[in-house]
Amino acid sequence: MQTSRAFVHHVYWWRSVSFLDMVHSRRILCERTVCTASASTSNLPKHPMNTIEKIVHRHLLEPEHVRSGAYVGIKPSYVMTHDNTAAVMPKFLNLVGNRTGARNPVKNPRQVVFTLDHNVQDTSSGNLQKYANIEAFANEHEIDFYPAGRGIGHQVMCEEGYAFPYRLVVASDSHSNMYGGVGCLGTPVVRTDAACIWATGSTWWQVPPVARVELVGDKLPPGVSGKDVIVTLCGLFKSDEVLNHAVEFGGSGVGSLSVDERLTIANMTTEWGALAGVFPVDDVTIQWLRTRHQRLLRRGLAGVPSDGGAFEAGASRVNDRISSDAIDMAEQLSAEMAPDPGCVYSKTITLDLSTVRPHVSGPNDVKTMSSVTDLEARQIKINKAYLVSCVNSREQDIATAAEIVRGKSVAPGVKMYVAAASSEVQDASEASGDWGVLMAAGCIPLPPGCGPCIGLGQGLLEDGEVAISATNRNFKGRMGSRNAEAYLASPAVVAASALAGYIRGPEGMVSPSANVKPGFSLQVPDAQSACGEASTTELVAGFPTQIEGRIIFCPQDNINTDGIYPGKYTYREDVTWEQMGEVVMENYDGDFADMVQPGDILVAGYNFGTGSSREQAATALRAAGVAAVICGSVSETYKRNALNNGLIVLEIPALVESLLSRTATRRRSANKPTILLDNERAEIDMVGSYARLLQVQVSPDSPRTYTSSPIPFTGLGKVCQDLIAAGGIEEWVKKQL
């Protein structure tokens with residue numbers, strides 16, 4: 001195995017807890033209340049804990065030891081869904097169908113937030129009706145609802161105080177990591193999870209290993225931004241170093257970063273492979289919260305149901321989520337919530353901010369990094385430029401772009417699209433004059449929302465086009481045509497490139513020593529490899545003891561959810577189960593759906609399922625008949641999606657490496673993304689926790705001839721088995737209710 005892939009061995013399965021034990025009883029689920037920043041931490045365990053472990057401990061259903069690998073029951077402070085609320089609603093109603101007599105079947109309406117943001121440009125009758133149905137559901141169940149045009153959900157969650165220091169907030173969207181910019185543990189869940197939280201107020205979570213990222217150095221050089229920091233981290237540490245980790249930021253350089261920059265960095269820890277990215281709560285955070293509090297006092301309440309108490313009590317016209325008292329409490333808790341001496345980190349990464357320079361990701365790959373100086377010399381012509389998305393469309397980003405284009409015009413043949421992260425951001429940018437500067441330069445305005453970042457609405461990439469974008473993903477086909485190329489960069493580089501017509505940095509804003517190499521280091525404590533001997537696993541009733549099937553091999557690493565299930569289908573509710581199977585892997589290999597057969601075992605490379613949290617990336621494989629997925633490593637969010645929907649996913653890197661070696665010649669000659677192994681099958685023994693390859697039998701009576709020794713893997717624990725045996729979490733929760 002390659003050294004760069006050693007990190008895939010950080011796999012944690014906690015076998016001694018069943019799903020029934022973890023979720024506890026319905027009585028416990030119903031008695032807890034939403035955690036807030038004012039909750040006591042005096043009952044924290046005495047053993048050393050890092051900040052992320054302390055936040056998790058504050059949201060446990062009942063006291064227990066928080067450590068990497070443990071499955072715990074948690075009660076998130078809030079759960080947000082966006083356009084995918086339309087898909088969550090029927091799941092929820094299916095769950096609570098036997099409780100229709102209840103006044104409000106949503107366990108805690110104050111825990112739930114709806115924000116419409118993805119397909120806001122679509123004014124068709126079908127989409128408008130969908131949005132109206134979501135709003136009606138929110139009104140009926142007294143849920144906080146923010147309509148299309150208010151902004152991207154993650155930005156709204158921060159502006160309105162749902163994301164707040166030391167809370168644990170989840171959303172049915174992979175960029176929930178962004179909340180870490182304000183010291184909140186934000187992490188993604190999937191649609192079925194959201195439905196279960198609506199019904200019970202709680203969910204399960206496997207505590208991830210925590211990586212420490214020390215940002216040192218005085219500050220970033222002029223012309224360098226938070227986007228350059230995260231692009232640099234993704235490019236330097238691109239071998240699964242933080243895959244399925246929670247990242248905890250610290251170091252002497254953090255204080256020089258604005259909250260806008262922290263939100264950008266935390267947001268793209270998703271693309272780095274992490275489940276969360278949390279910054280410390282310091283003076284910068286507290287000042288941002290106090291400024292935000294004053295702005296809300298001037299604006300008044302948002303008019304959502306949770307504001308009702310403030311009106312009735314005659315309190316100041318600001319919600320209690322981001323009140324002066326809540327901010328004071330967060331400030332007081334900062335010392336207690338800091339990491340304890342001797343706490344455990346799986347690894348420590350150090351980056352010197354003073355050595356970071358503008359960099360670009362791509363094309364079509366977040367972890368392929370090039371310096372702006374190198375790309376500028378190549379004069380890569382662009383057709384489109386984008387200043388949109390939840391990662392880089394805040395006031396500071398728009399002001400930076402406006403400074404660069406002031407008095408100039410977008411180059412002929414280039415279209416530059418601009419969408420603010422929220423209506424409040426656009427209002428502020430208009431008031432400052434920055435928005436007008438961009439419009440005067442020829443930029444094309446879009447409404448606050450996701451739009452082209454998710455491949456919806458105006459301005460999508462066409463065949464053969466090249467784009468520079470301040471978004472967070474540039475997966476092939478995500479922003480339009482599969483035959484286009486997309487690069488990611490900071491708002492400054494995007495604006496400068498739009499003016500020049502090719503990828504370049506802004507004039508006079510970058511240090512002359514633009515080619516200096518970033519200063520960084522990585523320290524990993526000694527750890528035992530997960531590739532040991534096979535061991536017997538106790539299985540729950542209904543869980544398969546053995547799986548055997550034909551191998552359909554997709555050897556590429558980083559196969560993302562856009563590749564598995566294209567974004568253009570994600571927010572359509574009219575796609576049938578059969579149709580999902582027909583379009584599966586369309587952006588990865590257009591021939592895959594014709595090749596796959598029921599019962600096949602899909603074998604893929606490393607970091608399988610990276611990208612968004614879309615549930616259909618798991619269910620589409622089931623719809624195509626895939627019996628199980630084997631990969632070198634897998635995104636934890638994808639694994640959660642798969643288990644919640646009854647699809648077995650196993651990490652067996654040695655088997656993947658064996659197939660890579662066996663098929664090397666064939667792959668070179670065929671030059672195709674998918675290979676069918678006609679003469680070999682895979683056999684997975686779930687009791688013995690091993691897999692092996694065998695020749696296809698000439699007849700059922702022929703002796704079985706194995707072509708590999710048993711390859712051990714870490715068996716699925718009881719939590720995972722319970723989910724698979726029940727057919728997914730939705731069926732399991734329905735039975736409990």
Side-chain angles (χ1 to χ4, degrees), residues 74-95 106-109 111-120 130-131 133-134 137-138 141 143-146 148 151-158 162-163 167-179 184-205 267 270 275-276 390 449-450 453-454 456 472-473 561-562 565 567 569-573 609 611-620 635-645 728-730 733:
I74 57 170
K75 185 155 193 176
S77 297
Y78 297 100
V79 54
M80 184 270 280
T81 55
H82 44 68
D83 293 36
N84 58 18
T85 304
V88 180
M89 285 157 48
K91 290 177 176 288
F92 168 74
L93 294 174
N94 184 41
L95 286 175
V106 175
K107 176 60 197 146
N108 186 350
Q111 188 183 26
V112 183
V113 184
F114 295 168
T115 62
L116 301 183
D117 60 5
H118 272 52
N119 200 20
V120 298
K130 179 171 78 171
Y131 279 7
N133 292 342
I134 294 172
F137 186 95
H141 297 90
I143 291 167
D144 286 5
F145 170 83
Y146 295 90
I152 301 174
H154 301 307
Q155 181 71 16
V156 173
M157 292 292 282
C158 294
Y162 299 99
R167 290 181 188 151
L168 193 165
V169 177
V170 300
S172 185
D173 188 277
S174 57
H175 287 108
S176 314
N177 296 30
M178 187 177 108
Y179 311 149
C184 172
L185 175 52
T187 194
V189 294
V190 298
R191 297 177 178 187
T192 305
D193 284 318
C196 294
I197 295 172
W198 295 3
T200 68
S202 61
T203 189
W204 65 276
W205 202 50
N267 182 295
T270 302
L275 293 171
C390 55
C450 302
C453 178
I454 189 63
L456 296 171
N472 40 33
R473 288 189 180 139
T561 51
D562 280 88
Y565 193 80
Y569 307 119
T570 301
Y571 299 101
R572 285 178 50 188
E573 274 66 55
S612 77
S613 61
R614 67 191 60 167
E615 197 163 64
Q616 301 98 318
T619 55
S635 157
E636 188 70 21
T637 301
Y638 185 87
K639 181 171 69 177
R640 183 183 187 98
N641 243 332
L643 294 172
N644 276 352
N645 286 281
I729 191 173
E730 189 174 345
V733 171

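H82 contributes atom NE2, which lies 11.5 Å from atom CG of N119 (distance to the nearest 0.5 angstrom).
Between the side chain of T187 and the main chain of L275, a donor-acceptor pair closer than 3.5 Å is present.
Screening T81, T85, N84 for a side chain to side chain contact (heavy atoms under 4.5 Å, CB included) with I134, the sole residue that qualifies is T85.
For K91, the side-chain hydrogen bond (donor to acceptor under 3.5 Å, both in side chains) criterion is met by T192, E615, E730, not counting sequence neighbours. With sequence neighbours left out, D83 forms a salt bridge (Lys or Arg N to Asp or Glu O under 4.0 Å) with no residue at all. For T561, the side chain to side chain contact (heavy atoms under 4.5 Å, CB included) test picks out S612, R614, A617, Y638, with sequence neighbours left out. When the side chain to side chain contact (heavy atoms under 4.5 Å, CB included) test is applied to I152, the partners found at least two apart in sequence or on another chain are D117, C390, C450. For Y162, the ring-ring contact (aromatic ring centres under 6.0 Å, His included) criterion is met by Y78, not counting sequence neighbours. Listed by chain and residue number, Y131, A148, P447 satisfy the side chain to side chain contact (heavy atoms under 4.5 Å, CB included) test with V120 (two or more places apart in sequence, or in another chain).
Under the 3.5 Å distance criterion, with hydrogens and angles disregarded, a donor-acceptor pair is assigned to the side chains of H175 and N472.
Across all non-hydrogen atoms, the minimal contact from G153 to T115 is CA-OG1, 3.2 Å. The heavy-atom pair separating R191 from Y571 by the smallest distance is NH2-CE2, 3.9 Å. Pairing each heavy atom of F137 with each of L93, the nearest pair is CE1-CD2, 4.3 Å. Smallest separation of non-hydrogen atoms from G186 and A276: O-CB, 3.5 Å.
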